[in-house]
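Remarks on the structure that follows.
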Amino acid sequence: MVETTSLKGMYDRLPGEFSAWRALIDVVEQTAREFGFREINTPAVERTELYRVKSGEELLEQTYSFEDRGGREVTLTPEQTPTRARIVQQRKDLSTPIKWVDTSKRWRYENVQKGRDREFFQTDIDIFGIESVAADAEVIACGATIYQKLGVEDSVEFLINDRNLLESILQAEGVENTQATMEVIDDKEKLEEAEFRTALTESGLSAEQAELVDDLTDISGPITEAIDELEAIAPDDPAAQTAVDRMASLADHLDAYDVAQMCNLDLSIVRGLAYYTGLVFEAFDTRGELRALFGGGRYDELVGLFGDQDVPAVGFAFGYSTTRELLKREGVWSEETVSTDVYVATVSESVRDVGVELATDLRAEGLTVETDLADRNLGSQFGYADGINATYAIVVGERDLENDEVTLRDMASGDEENVPVDDLVEIVGDRV
RNA sequence: UCCGGGCUGGGGUAGUGGUAUCCUUUGGCCCUGUGGCGGCCAAGACGUGGGUUCAAUUCCCGCGCCCGGACCCA
């Protein structure tokens with residue numbers, strides 16, 4: 001006997017379950033397409049060095065890395081950003097903005113936990129080559145629109161920050177080791193206020209500076225309103241004002257996209273990733289029960305790590321795990337069932353060809369149609385039709401065919417009617 | 001890497017130091033022109049290795065896997 005279970009953290013998704021996944025992925029991808037993000041497709045395996053550049057050895061230990069038969073060090077893609085950076089660096093001919101979307105598998109060799117599998121789907125949505133606030137806004141708007149389309153926008157909020165805001169304010173206040181302070185801010189939600197203040201002073205801030213940081217990072221609320229609060233507190237410093245102005249502009253843009261109501265300013269959002277250079281954002285469930293839905297931001301220096309061309313970028317990676325939990329909680333995770341438009345039942349072997357021909361005609365209309373493949377009796381065929389949730393069944397038998405008719409049965413009501421064979425496609429097509 | 005809980009047919013369960021109950025599922029038949037109901041038949045399980053024992057699915061240990069968490073999270 002061979003071991004028939006799948007590997008740890010990797011899952012078989014059968015038709016019922018995957019139909020619900022497909023529906024969600026379709027919404028995400030369709031939204032991106034409507035914003036003009038173009039679908040790409042890239043290798044599942046890359047040279048290991050691609051990840052060494054950005055992530056270092058420590059994260060490489062959490063990848064599926066191995067030597068291929070040619071002696072090359074290769075890695076199953078744990079994320080797509082390095083791949084995209086490589087392509088953008090290599091292809092100097094691409095016109096900007098470069099707007100890409102892709103949904104594919106990622107692999108990470110790490111401990112399995114709720115929401116953390118070893119193989120998972122991720123949709124990457126990025127804009128390369130544009131450093132404008134308009135691009136920042138478009139990426140956030142695309143993410144927010146996904147939740148609008150899913151019908152759960154009231155359950156989702158985006159927390160938005162700009163690293164340059166904090167950075168410039170800290171510098172204006174004379175803080176030297178801003179990096180250490182940012183790390184403390186990143187941990188703010190895990191700490192009590194006193195602990196937070198203490199940690200800030202340990203990172204090199206004075207008590208007054210720590211208080212300012214505490215006040216700044218306490219600012220939260222609808223982005224269009226929080227801007228006023230921010231402007232009132234922010235120091236009179238050119239760099240800080242520039243950052244504040246950019247955030248105000250972002251708020252205006254988000255309002256134009258009609259997603260500002262889903263967006264809150266929160267200066268405590270730092271995101272651990274070292275490569276973010278400006279905008280950072282995370283999407284959360286408003287009830288605060290779930291982990292972050294996804295996060296993203298601006299990373300203007302990453303592409304430059306892969307060559308001599310500097311290309312600004314902004315985007316996010318959409319993981320499905322938390323969003324799936326949210327949709328289940330909100331009762332909008334699509335039914336985990338397969339659906340079928342028409343099942344063509346054949347009474348006997350002699351009319352099977354007629355059934356297949358009718359099925360072929362119906363499929364030409366784009367309908368999902370099945371026929372009997374097992375030579376089952378009619379009763380069993382109806383049982384099967386029921387099992388695949390057929391909307392209609394068509395009974396093909398000699399008795400009706402003598403009148404050039406077939407029986408059209410509504411599977412839900414059981415109502416039946418005879419329809420001319422020649423009119424079947426039109427009649428069914430109109431109803432489905 | 002660490003901490004806690006758990007593993008009995010595909011799914012859900014009962015139970016026991018002498019190999020297992022029921023429900024569901026799946027296939028067949030009752031029923032070669034009508035499904036969801038019903039009846040009959042069949043298929044299918046003690047995660048794995050070792051230890052204790054006359055005998056282990058049951059007790060003990062390791063491992064694996066599952067669930068949750070810490071760390072980490074590109």
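Fair warning: this is a prediction, and the values are worked out from it, not measured in the lab. So you know, we letter chains A, B, ... as the sequences are listed, proteins then strands, and number each from 1.
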Assess whether one donor atom and one acceptor atom, taken from the side chain of S380(A) and the base of G35(B), lie less than 3.5 Å apart. no

Is E46(A) salt-bridged to R86(A), going by a charged N under 4.0 Å from an acidic O? yes

N/O donor-acceptor pair, side chain Q113(A) with base C71(B), under 3.5 angstrom: yes

N/O donor-acceptor pair, side chain R116(A) with base C72(B), under 3.5 angstrom: yes

Would you classify R52(A) as touching base, sugar-phosphate or nothing, given that sugar-phosphate means primed atoms plus P, OP1 and OP2, and contacts are heavy atoms under 4.0 Å? nothing

Going by the angle between their ring planes, with limits at 30° and 60°, are Y109(A) and Y64(A) parallel, tilted or perpendicular? perpendicular

For G9(A) and for Y275(A), locate the closest nucleotide of RNA chain B by heavy-atom distance; then report the residue assigned to the nucleotide nearer the 5' terminus. G9(A)

Both L401(A) and M10(A) contact RNA chain B. Which one's nearest nucleotide lies toward the 5' end? L401(A)

Side chain of K8(A) only, heavy atoms from C-beta on: which candidate in C65(B), C67(B), G28(B) is closest? C65(B)

From the options G36(B), C66(B), G33(B), select the nucleotide whose nearest atom is closest to the side chain of Y11(A). C66(B)

Between U34(B) and E416(A), counting only base atoms on the nucleotide and side-chain atoms on the residue, is there a donor-acceptor pair under 3.5 Å? yes

Could you state the atom-to-atom distance from CD of E325(A) to P of G68(B) in whole Å? 8 Å

Side chain of R84(A), backbone of D124(A): donor and acceptor closer than 3.5 Å? yes

R376(A) side chain N/O closer than 4.0 Å to the phosphate oxygens (OP1, OP2) of G27(B)? yes

Assess whether a salt bridge exists between E79(A) and R108(A), defined as any Lys/Arg side-chain N lying under 4.0 Å from an Asp/Glu carboxylate O. no

Can you find an N or O donor on one side and an acceptor on the other, under 3.5 Å apart, linking the side chain of N377(A) with the base of G33(B)? no

